[in-house]
Chemist: 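Have a look at this one before I ask anything.
Each chain gets a letter, A, B and so on, in the order the sequences are listed, and its residues count up from 1. Just so you know, these numbers use all the heavy atoms, side chains as well, and skip hydrogens, waters and symmetry mates.
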Number of protein chains: 2
Amino acid sequence: MTDRARTGDDPPPPATAPAHLDPGDPVDAIALAWLRERPGTPVTGIGIVTRLWHAAKLLGEDRRRVLAAAGQDTATLDLLSVLRRSGPPYRLTTRELAERTMVTPGAVSQRVARAEQEGLVERAAPAPGSRAVAVTLTDRGHEVVESLVDRVLAREADLVSGLAPEQQRALAELLRVLLADLHTRLGDRPISQVGTEPPGRSG
Amino acid sequence: MTDRARTGDDPPPPATAPAHLDPGDPVDAIALAWLRERPGTPVTGIGIVTRLWHAAKLLGEDRRRVLAAAGQDTATLDLLSVLRRSGPPYRLTTRELAERTMVTPGAVSQRVARAEQEGLVERAAPAPGSRAVAVTLTDRGHEVVESLVDRVLAREADLVSGLAPEQQRALAELLRVLLADLHTRLGDRPISQVGTEPPGRSG
DNA sequence: CTGCTATCGTTTAGACCTAAACGTACGTCA
DNA sequence: TGACGTACGTTTAGGTCTAAACGATAGCAG
């Protein structure tokens, strides 16, 4: 932070440095460092990918802190939110939860177990002709969502308010296009994300 | 995936649904579901925040898969990359590594321990008048970086190529502005990110 | 020189996740 | 109706991260 200039990531622009990269920007500095050390390194994606990860990390950490202060965690709120948003009877199967929260069925099983222990959800026995376990929001779980959702979402709306309304719209639209394209390229997994809940460690 | 329409996230637009939200888009559907269930929910940030997390997750999973196929993991490549990019003598202290990779010192300690066990880095005893442990890239570590960086970065450049060049530039620029603003709002932690390495589970 | 304090790095405890191995229960096809 | 394949959920093993407790040391003040 104090003397990064000497050590590498923000280097003196080499003779061949692309004009688009600003040595003063932390992310551009990464691309420039690669080019300085290994001319020809394909740095094209860094400007988007690294910033995406970086922003996701900052926002995720912030949500975690906000929820930790309220005695909750992101994984649980994610689960409760999906159920709450699904509307009455606030009941979904494990598989639906996995798809909507973008985590593996195993992770959902663990999340549900934790939330169940806190009395926030209940597991109902599989319906007669099915083996799908239904997970239902309890009254207590419902209360928890109500008490946290506005706080969390308002906080995040505020965090992106540094961008002007048109910029926010432009950014959201570009991300929408990128996301749609990524889905087609990567083999369209479900979707969703609670509108709540930072990305798991990707993995 | 098949019948999401019935269960909630993509609801029939309520009378008060904002014109900007498209019920057919998975992320907009989340905002619409909140508005349907809880009119007044501050959904403004969802279009950006959720998409950001979602894209970060997809890209992170992809990198993890690419590296797993090559017998490596993202955390280790992140470490090696920062050292490689810093230029000769490819040596940084634990603290510098923590700042540049945006993870806690404890995580760096664990990463270094793992990489050291694989013979990819070495821990040098603290210099005489200091307690800063220097971590250095070994020849083997250097080779590993060289063999993986181009593959990983080229792959990611390709993944964002669905956006036209001007769109990529516009997206990168908006993210740059957002990131700068987030840093000022959240208490400017260091920076960096290897240009390599998906976000830890955010928090 | 003696003790305080700030700084560093490591260790530990607790969360959480993925991948994969497991049980089970359907449904089907002979 | 009996065996098989499949879908679903849970469990287990392994890995990573953060937060916080620790241990040790350098710099300073008295």
Side-chain angles (χ1 to χ4, degrees), chain A residues 1-2 53 56-58 60-65 67-69 71-79 92-99 101-118 121 123-135 189 197-203, chain B residues 1-2 57 60-65 67-69 71-79 92-99 101-118 123-135 189 197-203:
Chain A
M1 200 90 222
T2 50
W53 279 336
K57 175 149 190 158
L58 291 176
E61 285 175 347
D62 186 76
R63 172 175 288 191
R64 190 161 41 79
R65 275 191 297 271
L67 287 177
Q72 265 303 329
D73 63 272
T74 57
T76 301
L77 181 61
D78 188 26
L79 172 65
L92 294 171
T93 67
T94 295
R95 186 145 300 273
E96 287 173 321
L97 288 170
E99 289 172 358
T101 56
M102 301 203 349
V103 295
T104 61
V108 171
S109 191
Q110 294 174 41
R111 285 182 177 190
V112 170
R114 288 192 297 266
E116 192 172 33
Q117 220 165 1
E118 288 185 77
V121 302
R123 258 187 265 232
S130 157
R131 63 241 142 252
V133 174
V135 177
R189 308 127 187 287
E197 163 67 352
R201 66 171 327 287
S202 291
Chain B
M1 224 69 249
T2 51
K57 174 150 189 157
E61 284 175 346
D62 187 75
R63 173 176 287 193
R64 189 163 42 78
R65 274 192 296 272
L67 287 177
Q72 266 304 329
D73 63 272
T74 58
T76 300
L77 180 61
D78 189 24
L79 171 65
L92 295 171
T93 67
T94 296
R95 187 147 296 275
E96 288 173 319
L97 289 170
E99 290 172 357
T101 56
M102 298 204 349
V103 295
T104 61
V108 170
S109 191
Q110 293 174 40
R111 285 183 177 190
V112 170
R114 289 192 296 268
E116 192 173 32
Q117 220 165 2
E118 287 187 77
R123 258 187 266 231
S130 156
R131 63 241 144 257
V133 175
V135 178
R189 308 129 186 286
E197 163 69 352
R201 66 173 325 293
S202 287

Chemist: For the side chain of B:Arg123, starting at C-beta, report the closest nucleotide among C:dT10, D:dT18, C:dC17.
Modeler: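 Nearest to the side chain of B:Arg123 among the choices is C:dT10.
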Chemist: State which of C:dT10, C:dA13, D:dA13 makes the closest approach to the side chain of B:Thr94.
Modeler: C:dT10
Chemist: Using a cut-off of less than 4.0 Å, is there contact between a side-chain N or O of B:Lys57 and OP1 or OP2 of C:dC17?
Modeler: no
Chemist: Between atom CZ in A:Arg65 and atom P in D:dA19, what is the gap in whole Å?
Modeler: 8 Å
Chemist: Starting from C1' on D:dG9, measure out to CD on A:Glu99 and report it in whole angstrom.
Modeler: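 After rounding, the reported distance stands at 14 Å.
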Chemist: Look at B:Arg64 and C:dA19 and indicate whether a side-chain polar atom (N or O) is within less than 4.0 Å of OP1 or OP2.
Modeler: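 B:Arg64 to C:dA19 OP1/OP2: side-chain N or O found under 4.0 Å.
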Chemist: For B:Ala115 and B:Leu79, work out which heavy atoms get closest and say how close.
Modeler: CB-CD2, 3.7 Å
Chemist: If I compare all heavy atoms of B:Gln72 with all of B:Glu118, which pair ends up nearest, and what's the gap?
Modeler: NE2-OE1, 3.4 Å
Chemist: It should be established whether B:Arg114 places a side-chain nitrogen or oxygen under 4.0 Å from OP1 or OP2 of nucleotide D:dC17.
Modeler: yes
Chemist: Rounded to the nearest Å, what distance is computed from the CG atom of residue B:Leu77 to the C1' atom of nucleotide D:dT16?
Modeler: 16 Å
Chemist: Indicate yes or no: at least one non-hydrogen side-chain atom of B:Val135 is less than 4.5 angstrom from one of B:Thr93.
Modeler: no
Chemist: For a quick check, tell me whether the side chain of B:Glu61 and the base of C:dT18 share a donor-acceptor pair closer than 3.5 Å.
Modeler: no
Chemist: Could you tell me how far apart B:Leu92 (CG) and C:dC8 (P) are, to the nearest whole angstrom?
Modeler: 15 Å
Chemist: Compare the minimum distances between each of C:dT18, C:dT10, D:dA19 and the side chain of B:Thr104, then state the nucleotide with the smallest one.
Modeler: D:dA19
Chemist: Go through C:dC17, D:dT10, C:dT11 for me and flag the one nearest to the A:Pro105 side chain.
Modeler: D:dT10
Chemist: Check whether any side-chain heavy atom of A:Arg123 lies under 4.5 Å from a side-chain heavy atom of A:Ser109, and answer yes or no.
Modeler: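 Sidechains of A:Ser109 and A:Arg123: in contact.
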Chemist: As a test of reading the structure: which of D:dG9, C:dG9, D:dC17 is closest to the side chain of B:Ala107, going by heavy atoms?
Modeler: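 For B:Ala107, the side-chain atoms sit closest to D:dC17.
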Chemist: I need the CD-P distance between A:Gln72 and C:dA15, as an integer number of Å.
Modeler: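 Whole-Å distance recorded here is 12 Å.
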Chemist: Salt bridge or not for B:Asp78 and B:Arg111, using N-O below 4.0 Å?
Modeler: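 Looking at B:Arg111 together with B:Asp78, the answer is yes, because their closest N to O distance falls below 4.0 Å.
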Chemist: Quickly work out the A:Glu118 CD to C:dC16 C1' distance and round it to whole Å.
Modeler: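 Result: 14 Å.
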Chemist: Does D:dG9 have OP1 or OP2 sitting under 4.0 Å from an N or O in the side chain of A:Arg95?
Modeler: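 Result: yes.
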Chemist: Check the distance between C:dT11's P and B:Glu116's CD and give it to me in whole angstrom.
Modeler: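 So the CD-P distance, B:Glu116 to C:dT11, works out to 11 Å.
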Chemist: I need the CD-P distance between A:Gln110 and C:dG14, as an integer number of Å.
Modeler: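 In whole Å, C:dG14 P lies 17 Å from A:Gln110 CD.
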